A.B. asks: 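Take this structure first; my questions come after.
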Number of protein chains: 2
Amino acid sequence: MSETKPMSAAGQRILVAAGDLFYGRGITAVGVDLIAEHSGVTKRTLYNQFGSKDQLVVAYIEEREQRWRLLVRETIAAASPMDAVLAPLEALRTWNQSNPRGCAFINALAELPDPAHPAHLIATQQKQWLLTLFTDLATAAGCSAPDTLATQLLVLHEGALVTQQLPLDTLSASIELAHELVRASILH
Amino acid sequence: MSETKPMSAAGQRILVAAGDLFYGRGITAVGVDLIAEHSGVTKRTLYNQFGSKDQLVVAYIEEREQRWRLLVRETIAAASPMDAVLAPLEALRTWNQSNPRGCAFINALAELPDPAHPAHLIATQQKQWLLTLFTDLATAAGCSAPDTLATQLLVLHEGALVTQQLPLDTLSASIELAHELVRASILH
DNA sequence: TCGTGGGTATACTGATCGGTGAACTAGACC
DNA sequence: GGTCTAGTTCACCGATCAGTATACCCACGA
């Protein structure tokens, strides 16, 4: 459903520049002229490729979500079934290094209050996906009460993600606590 | 240091309207004309009271922070020393009802990337304050390793705050888990 | 009674916003 | 050679942005 068009080289450069700027400075604060300038492309080309700023925002969120899911799946694939439960947390270790300004989806929700906005939908669905993933992983690892555990892990995940700007290693703290929760859950 | 001026009735109306609009629609997306209109005040009055949009943003963040601290202090005062550790979490029960769009400080940070911006500073200091508060409360309750516990509680707090938009009672899950952590910490 | 300070009303500035029109250019494929 | 496509150049649109200017109004206190 996503293979409708391969996207031109110019289109990709636009998307990269838009990603950096939207995430780094905020969606509303960044104008299309600035994106065009940073991607070495004409504003006309930007509109030929994406149609409107709103659609470019949607493309930005979609791309971010796909990259994130890919990283999580790779981390899961590289872990043992029991460690896989913590994979989304471990993935943050890598992710946060190139994304030091908090969660792009939460930040986007802050700027896109309209629940009907496509980007708003994608951002909320991303969290739903993560919750379901935690539940599946917990079930596969043989945890008791996987739903409860998944909710706890989601909270730890979002908490660690959102507090990364503080001079505190909240990610390690979250992973350690998550590890204990998983272990306790497996031992009934 | 905050009692320099009592603020006129018009000033208070402006601050209330600005709070609703900034929090509800985003800071950058809301213009001064809209705020003036919603507070039934002339734009001239707005500028006479606050000087610039930036200073109004700072006033908005400051007011929010003071209200939040007040609520937390009241919740602490109404709790037993052992339950006081969970007071900031419990305070969210009340707070979230009138603030359903996530954490105002995180949302503000998303839109104000400049670390030198006064509102940026206040927003980050707010979390530092909360961390210190958790540490003090944990120490007062006789918890072992209060620093570690405080970090965990902060993560749970932020996680619950940020996931409130999901159709999940993450706040109750966070409080229950926090309760267990505190109990385990007191029993060494 | 006379200022004076807080407020209103309205018009305005220059800059920037998202978005468009039209003509032109370079390369790829037939 | 001819056509088609993606991209460029650049001028332009109306709306909105933050912020200012000028003049007026009115209640309150000395």
Side-chain angles (χ1 to χ4, degrees), chain A residues 3-61 108 110-114 116-120, chain B residues 3-61 108 110-114 116-120:
Chain A
E3 210 58 32
T4 53
K5 58 244 159 143
M7 172 151 335
S8 69
Q12 291 181 9
R13 286 209 317 272
I14 295 170
L15 200 50
V16 168
D20 291 343
L21 291 168
F22 283 154
Y23 179 68
R25 308 191 193 181
I27 294 173
T28 316
V30 168
V32 287
D33 299 81
L34 187 66
I35 297 171
E37 184 191 333
H38 269 69
S39 48
V41 146
T42 316
K43 194 159 59 155
R44 185 81 267 197
T45 302
L46 189 153
Y47 275 93
N48 284 341
Q49 288 285 334
F50 295 94
S52 70
K53 184 187 176 180
D54 244 41
Q55 289 172 269
L56 178 57
V57 170
V58 173
Y60 152 64
I61 294 291
E111 294 201 73
L112 307 172
D114 180 11
H117 194 293
H120 188 110
Chain B
E3 210 59 28
T4 53
K5 54 227 161 160
M7 172 151 335
S8 68
Q12 292 181 8
R13 286 209 317 272
I14 295 170
L15 201 48
V16 169
D20 291 344
L21 291 168
F22 283 155
Y23 179 69
R25 307 191 193 181
I27 294 172
T28 316
V30 168
V32 286
D33 300 80
L34 188 65
I35 297 171
E37 184 191 334
H38 269 68
S39 48
V41 146
T42 316
K43 196 158 57 156
R44 185 79 265 192
T45 302
L46 189 152
Y47 275 93
N48 284 341
Q49 289 287 333
F50 295 95
S52 69
K53 184 187 175 179
D54 243 41
Q55 289 172 267
L56 178 56
V57 169
V58 173
Y60 151 64
I61 293 290
E111 295 200 72
L112 307 172
D114 180 11
H117 195 293
H120 188 110

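In the text below, chain A, chain B and the rest are named by the order of the sequence lines, each starting its count at 1. Remember, it's a predicted structure, so these values are computed and weren't measured experimentally.
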A.B. asks: Report yes if the side chains of A/L15 and A/Q49 come closer than 4.5 Å at any heavy-atom pair, otherwise no.
C.D. replies: no
A.B. asks: Rounded to whole angstroms, how far apart are CG on B/L46 and P on C/dA9?
C.D. replies: 15 Å
A.B. asks: Within this structure, what is the CD-to-P distance between B/E37 and C/dT10, rounded to whole angstrom?
C.D. replies: 14 Å
A.B. asks: Whole Å only: how far is the CG atom of A/L21 from the C1' atom of C/dG18?
C.D. replies: 16 Å
A.B. asks: Report the nucleotide, chosen from C/dG19, C/dG6, D/dA18, that has the shortest atom-to-atom distance to any side-chain atom of A/S52.
C.D. replies: C/dG19
A.B. asks: What nucleic acid atoms does B/G51 come within less than 4.0 Å of, heavy atoms only: base, sugar-phosphate, or nothing?
C.D. replies: nothing
A.B. asks: Spell out yes or no: do the side chain of A/R44 and the base of C/dG21 have one donor N/O and one acceptor N/O closer than 3.5 Å?
C.D. replies: yes
A.B. asks: Please report the distance, rounded to the nearest Å, between NZ in A/K53 and P in C/dG18.
C.D. replies: 4 Å
A.B. asks: Please determine if a side-chain N or O atom of B/T42 lies less than 4.0 Å away from the OP1 or OP2 oxygen of C/dT8.
C.D. replies: yes
A.B. asks: Please confirm whether the backbone N or O of B/G11 pairs with a side-chain atom of B/S8, one donor and one acceptor, at under 3.5 Å?
C.D. replies: yes
A.B. asks: So, is B/T45 near the phosphate of C/dG6, with a side-chain N or O under 4.0 Å from OP1 or OP2?
C.D. replies: no
A.B. asks: When the side chains of residues 21-29 of chain B are checked against the rest of the protein, which donor-acceptor pairs come out under 3.5 Å, sequence neighbours left out?
C.D. replies:
unit_1, atom_1, unit_2, atom_2, d
B/Y23, OH, B/N99, O, 3.0
B/Y23, OH, B/R101, N, 2.7
B/Y23, OH, B/G102, N, 3.2
B/Y23, OH, B/G102, O, 2.7
B/T28, OG1, B/E111, OE1, 2.8

A.B. asks: CG of B/D33 versus P of C/dT13: gap in Å, rounded?
C.D. replies: 16 Å
A.B. asks: Among the nucleotides C/dT20, D/dT9, D/dG7, which one has an atom lying closest to any side-chain atom of A/Y47?
C.D. replies: C/dT20
A.B. asks: So which pairs with a foot in residues 27-49 of chain B pass salt bridge (Lys or Arg N to Asp or Glu O under 4.0 Å), sequence neighbours left out?
C.D. replies: B/D33-B/K43
A.B. asks: Expressed in angstrom and rounded to an integer, what is the separation of A/I14 atom CD1 from D/dT8 atom P?
C.D. replies: 8 Å
A.B. asks: Run through DNA chain D and report every stem of 3 or more consecutive Watson-Crick or G-U pairs, distances under 3.5 Å, ordered by first number.
C.D. replies: C:1-30 with D:1-30
A.B. asks: Base, sugar-phosphate alone, or nothing: which one does B/G40 contact when heavy atoms must sit under 4.0 Å apart?
C.D. replies: sugar-phosphate
A.B. asks: Rounded at 0.5 Å granularity, tell me how far CZ in A/F50 sits from CE in A/M7.
C.D. replies: 4.5 Å
A.B. asks: Are the side chain of A/H38 and the backbone N or O of A/A17 linked by a donor-acceptor pair below 3.5 Å?
C.D. replies: no
A.B. asks: Once you round it to whole Å, what is the distance between C1' of C/dG6 and CD of B/Q49?
C.D. replies: 8 Å
A.B. asks: C/dG5 C1' sits how many Å from B/N48 CG, rounded?
C.D. replies: 10 Å
A.B. asks: So, do A/H117 and A/V58 sit near enough that their side-chain heavy atoms are less than 4.5 Å apart?
C.D. replies: yes
